[in-house]
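Throughout, numbering of the chain's residues begins at 1 and tracks the sequence.
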Amino acid sequence: MSSFVRGKNNPKRNDFSLVPSSTAIIIIDVQEEFSLKSRHYIETLPSVIDNINSISNAARSSKAEVVFTYIEALTSDGRDISIDYKLSGEAFSSIPGPGKAKLLPALTRTPTDIYIPKTSCSVFVSTNIDYVLRNLGIEQVVITGQLTDQCCESAVRDAADLGYLVTVAEDACIASTAEAHKKALYSMKGFSRLLSATHIVNEFKNAKKTPSKIKDDKIRCYGKHLNYQEPESLVENHCDLHGVTLSSEQDRFPPPIENGVILSLYRALSCAGIKSIRLMAIDVNGSIRAKSVPLKRLLLEKDNPTFVNEVVTIAEVSIGGLPTYADAIVSATGLSAAKVLPLSIDLTTMKILPYSPTTACAFGYLCEQKSGRLSSLCSRSFLRRIMNDAKSQHGINFNVGVELEFCLYKRGSKEEMISNLQKDNTLRASSVIPVDYSLFASSITLNEQGDFLDDVIDQLENQGIEIEQFHSESASGQLELVLTYTQNALQLADHVVFAKETINACAKKYGMRALFLPKIQKSEAGNGQHVHLSFSDIDQKPASKNSFSTENGISARGRSFMEGILHHLPALVAITTPSRNSFLRIGPGCWTGSSVRWAVEDKESPVRVCLSKSGAVSNVELKLFDASANIHIGLAAVLAAGLDGINRNLHLRPPSESGNDLPRTLKESLEFLKRDDFLMAELGPELSKSYLGLKEAEEKHDSSMALSDQTSTAW
């Protein structure tokens with residue numbers, strides 16, 4: 001690219017930041033056919049894809065080029081591939097033929113991107129990419145993809161030798177092992193800049209504010225092939241071809257769309273009467289941690305669309321170091337008050353709260369303050385990672401539904417309290433009583449609480465949360481609301497949180513409290529939060545077709561998915577039923593199941609296969625789940641367990657009326673979790689340490705609490 005002479009005044013490699021108009025992002029071999037099975041690869045791939053998507057999105061917004069290159073033969077029998085590939089063993093024996101390569105579906109792609117198949121390790125050897133890039137006026141390339149120590153490194157060396165300025169996105173490349181990745185980065189630093197995805201994204205964002213150093217009088221504009229030196233007058237004045245003087249790089253392109261989006265959002269919310277936006281995160285226990293920001297402060301304080309992600313931070317210890325019973329740091333979590341986590345707003349979750357009509361609310365992703373990467377304590381990103389694993393490794397979307405159970409209680413008169421004591425003395429020390437004593441599917445609660453229920457349904461629908469059905473359950477004052485089945489597990493988990501907030505707010509409006517406590521009265525059924533699960537293939541039509549089942553029953557993958565859940569169930573209950581109170585709900589005759597088994601339509605089985613009205617297999621229900629769980633972590637753990645069954649091709653055990661006993665206490669279940677290497681690895685060292693530390697502290701604290709005290713606390 002340049003014609004330097006030896007001397008002390010030559011610029012250094014790091015002197016050249018990215019100029020979008022002359023930059024291409026090259027995404028190498030991120031395709032299904034060459035996904036690896038190593039633990040490092042499986043655990044690292046989701047974050048690598050996230051980083052690739054962040055870089056490519058920033059590139060597109062800045063008008064840089066995005067190029068996908070992938071291994072694909074020009075012939076159906078692969079006879080044209082490189083000798084090296086032919087000698088590389090079984091992995092390369094079935095290279096996809098023309099048009100057959102499958103990029104990982106989690107990658108963000110657009111019709112304007114460029115796609116170049118290759119048949120050798122280096123894309124610069126077996127393709128016309130150099131010709132294409134020079135036609136586009138490309139001088140700088142950013143390398144991402146896989147494998148770091150093979151195709152990525154080859155591309156870096158060849159690009160540098162051809163005269164391109166090369167940048168490697170060190171956290172947007174992946175190898176089979178961490179050591180191989182590290183060694184490759186070390187080898188490439190002599191040919192390129194090594195930068196994080198966050199740094200690269202920021203270079204794109206700031207490019208319009210930073211004059212390009214690349215058009216220096218010591219550097220040829222288009223390299224040795226054109227032997228062309230851009231006139232100094234054009235460099236200094238930034239003139240376009242029509243002679244119009246441009247003050248900076250930003251005048252060459254239309255303004256970023258996000259500027260208008262933020263302003264439009266502000267105007268729309270202002271017209272709706274919104275005064276503030278409540279930004280929420282979910283702590284490890286599943287509690288909401290929220291801060292509200294005045295609308296104008298959040299959206300218009302600075303002329304910078306990214307400012308919305310710089311306003312709110314939450315102490316890390318409040319996310320992963322505080323138990324449910326007090327804001328007191330649990331030392332076993334290993335967290336202190338010395339660190340904060342910025343909250344990156346997820347605008348797709350924004351809702352206007354009907355019970356607080358001047359307030360809008362949105363979830364966010366918790367990020368590390370220095371790197372900007374997702375925090376390991378972020379519950380929502382954990383669930384999103386498992387969803388991405390399902391898409392990238394198996395080409396499936398999860399279908400998920402949830403049943404929310406709760407009891408309506410009120411403060412009772414003296415006469416009502418005496419009457420209640422005659423039925424159940426659990427609440428002998430409490431002045432709260434159920435609003436009625438109806439039975440399962442009775443019309444009493446529906447009639448007496450009709451106004452409350454109408455209000456709840458209206459408010460949920462106004463937030464885009466659809467209810468499939470609702471009815472009374474068997475405990476006193478108990479109701480069940482069924483959230484509509486959806487293909488977006490993260491959205492459903494968010495909706496569960498919004499729904500519980502809405503139900504609580506409506507209950508208070510009518511002089512009641514909605515108690516989601518798993519067990520309230522010892523002689524009555526408890527409150528569950530059952531989840532229904534199935535999955536669909538991404539590339540099938542219609543996309544909603546259920547791949548969990550076939551015409552003959554449960555599909556092969558569905559059976560492995562179920563066995564994965566059953567295999568990990570003794571440890572899973574430490575996450576899905578994570579309180580001492582939870583285990584009071586579990587046992588024979590409680591319609592929860594108490595042993596590791598499955599059955600068809602048996603409500604006493606913890607894993608229950610549900611049938612449609614026609615008798616066909618519909619989905620599988622996990623009954624050992626309640627509202628004391630973090631819905632995001634719990635759902636992620638269950639889905640990960642199912643994926644483990646698919647990955648290992650586990651064979652489903654026969655249905656039965658009995659099985660190995662499940663843990664009887666929270667303490668026992670936590671020991672099972674510690675011994676479950678797979679789930680501990682999925683949680684990761686930071687999240688697992690936080691979770692175990694908190695739950696062990698809560699188990700000890702709650703051991704002396706009577707059931708009536710737990711109910712009073714829930715009230």
Side-chain angles (χ1 to χ4, degrees), residues 24-38 41-42 45-46 48-49 52-53 56 65-133 143-148 150-152 154-155 158 172-176 387-397 535-543 545 547 550 555-557 643 646-647 649:
I25 310 302
I26 303 179
I27 302 168
I28 299 175
D29 298 351
V30 186
Q31 58 192 100
E32 292 183 7
E33 294 85 358
F34 296 97
S35 295
L36 305 182
K37 298 299 183 182
S38 69
Y41 183 92
I42 291 171
L45 183 63
V48 168
I49 289 180
I52 291 174
N53 288 341
S56 63
E65 299 289 348
V66 176
V67 180
F68 287 90
T69 180
Y70 46 91
I71 300 172
E72 183 180 272
L74 301 176
T75 55
S76 58
D77 60 2
R79 64 184 184 276
D80 60 298
I81 67 173
S82 69
I83 294 294
D84 173 63
Y85 275 5
K86 290 175 179 176
L87 298 175
S88 293
E90 184 177 352
F92 291 86
S93 63
S94 58
I95 285 179
K100 300 295 185 181
K102 294 182 179 179
L103 298 182
L104 293 184
L107 290 170
T108 302
R109 297 155 62 188
T110 71
T112 61
D113 297 336
I114 298 170
Y115 298 87
I116 301 178
K118 68 185 183 74
T119 56
S120 68
C121 189
S122 173
V123 66
F124 287 94
V125 171
S126 59
T127 77
N128 65 342
I129 190 171
D130 182 47
Y131 172 81
V132 172
L133 294 180
I143 301 297
T144 70
Q146 64 181 45
L147 295 170
T148 319
Q150 296 182 31
C151 295
C152 292
S154 294
D158 288 345
C173 296
I174 189 171
S176 59
M387 293 165 60
N388 287 339
D389 285 350
K391 294 176 183 177
S392 63
Q393 297 175 27
H394 302 285
I396 60 175
N397 267 327
F535 49 81
S536 304
D537 287 313
I538 293 172
D539 58 358
Q540 71 180 0
K541 295 181 180 181
K545 185 179 179 181
S547 302
T550 67
S555 68
R557 280 188 300 175
L643 287 180
I646 295 176
N647 284 329
N649 196 27

(Q) Applying the side-chain hydrogen bond (donor to acceptor under 3.5 Å, both in side chains) criterion to Lys118, which one of Thr127, Asp29, Thr69 satisfies it? (A) Asp29
Q) Does the Ser154 side chain pair with the main chain of Ser122, one donor and one acceptor, at a distance under 3.5 Å? A) no
Q. Rounded to the nearest 0.5 Å, how far does CG of Asp158 lie from SG of Cys121?
A. 9.0 Å
(Q) Just so I know, are the side chains of Ile396 and Lys391 near enough to count as touching, which here means a heavy-atom distance under 4.5 Å? (A) no
Q: Would you name the heavy atoms of Val123 and Ala155 that are closest together and state the gap between them?
A: CG1-CB, 4.2 Å
Q: Heavy atoms only: give me the nearest Ala101-Glu33 pair and the separation to one decimal.
A: CA-OE2, 3.4 Å
Q | Under the side-chain hydrogen bond (donor to acceptor under 3.5 Å, both in side chains) test, residues paired with Asp80 that sit two or more places apart | A | Thr75
Q: State the CZ-CG distance between Arg79 and Leu74, to the nearest 0.5 angstrom.
A: 9.5 Å
(Q) Test of understanding: with side-chain contact (heavy atoms from CB on, under 4.5 Å), list the residues that count as partners of Asp389, not counting sequence neighbours. (A) Pro46, Arg385, Ile386, Gln393, Leu643
(Q) When you compare the side chain of Ile174 with that of Leu36, does any pair of heavy atoms fall below 4.5 Å? (A) no
Q) Listed by chain and number, what are the side-chain hydrogen bond (donor to acceptor under 3.5 Å, both in side chains) partners of Thr144, not counting sequence neighbours? A) none
Q.
With a 3.5 Å distance limit and no angle check, can you tell me whether Ser555 reaches the backbone of Ser547 through a side-chain donor-acceptor pair?
A. yes
Q) With a 4.5 Å limit on heavy-atom distance, are the side chains of Ile26 and Ile129 in contact? A) yes
Q. What residues, two or more places apart in sequence or in another chain, satisfy side-chain contact (heavy atoms from CB on, under 4.5 Å) together with Asp113?
A. Arg60, Val66, Phe68, Arg109, Thr110, Tyr115
Q: Considering non-hydrogen atoms only, spot the tightest contact between Ser392 and Leu104 and give its length.
A: O-CD2, 3.3 Å
Q) How close do Tyr41 and Ala175 get, heavy atom to heavy atom, and via which atoms? A) CD1-O, 4.0 Å
Q) Going through the distances and angles, do His394 and Phe535 end up as a side chain to side chain contact (heavy atoms under 4.5 Å, CB included)? A) CA-CA 11 Å; His394 302 285; Phe535 49 81; over 6 Å; no
Q | Atom pair CG/CG of Asn53 and Asn388 - distance to nearest 0.5 Å | A | 8.5 Å
Q. Got a second to check how far Ile143's CD1 is from Cys151's SG, nearest 0.5 Å?
A. 11.0 Å
(Q) Suppose we screen for side-chain contact (heavy atoms from CB on, under 4.5 Å). Which residues come up paired with Glu65, at least two apart in sequence or across chains? (A) Ala24, Ile114, Leu136, Ile138
(Q) To the closest 0.5 Å, what do you measure between SG (Cys173) and CD1 (Ile52)? (A) 7.0 Å
Q. Which atom pair, heavy atoms only, marks the closest approach of Ile95 to Ala73?
A. CG2-N, 3.7 Å
Q) Measuring from Cys152:SG to Leu147:CG, what's the distance to the nearest 0.5 Å? A) 7.0 Å
Q. Taking the side chain from Gln146 and the backbone from Phe34, do they hold a donor-acceptor pair closer than 3.5 Å?
A. yes
Q. Who pairs with Asn649 by side-chain hydrogen bond (donor to acceptor under 3.5 Å, both in side chains), at least two apart in sequence or on another chain?
A. none
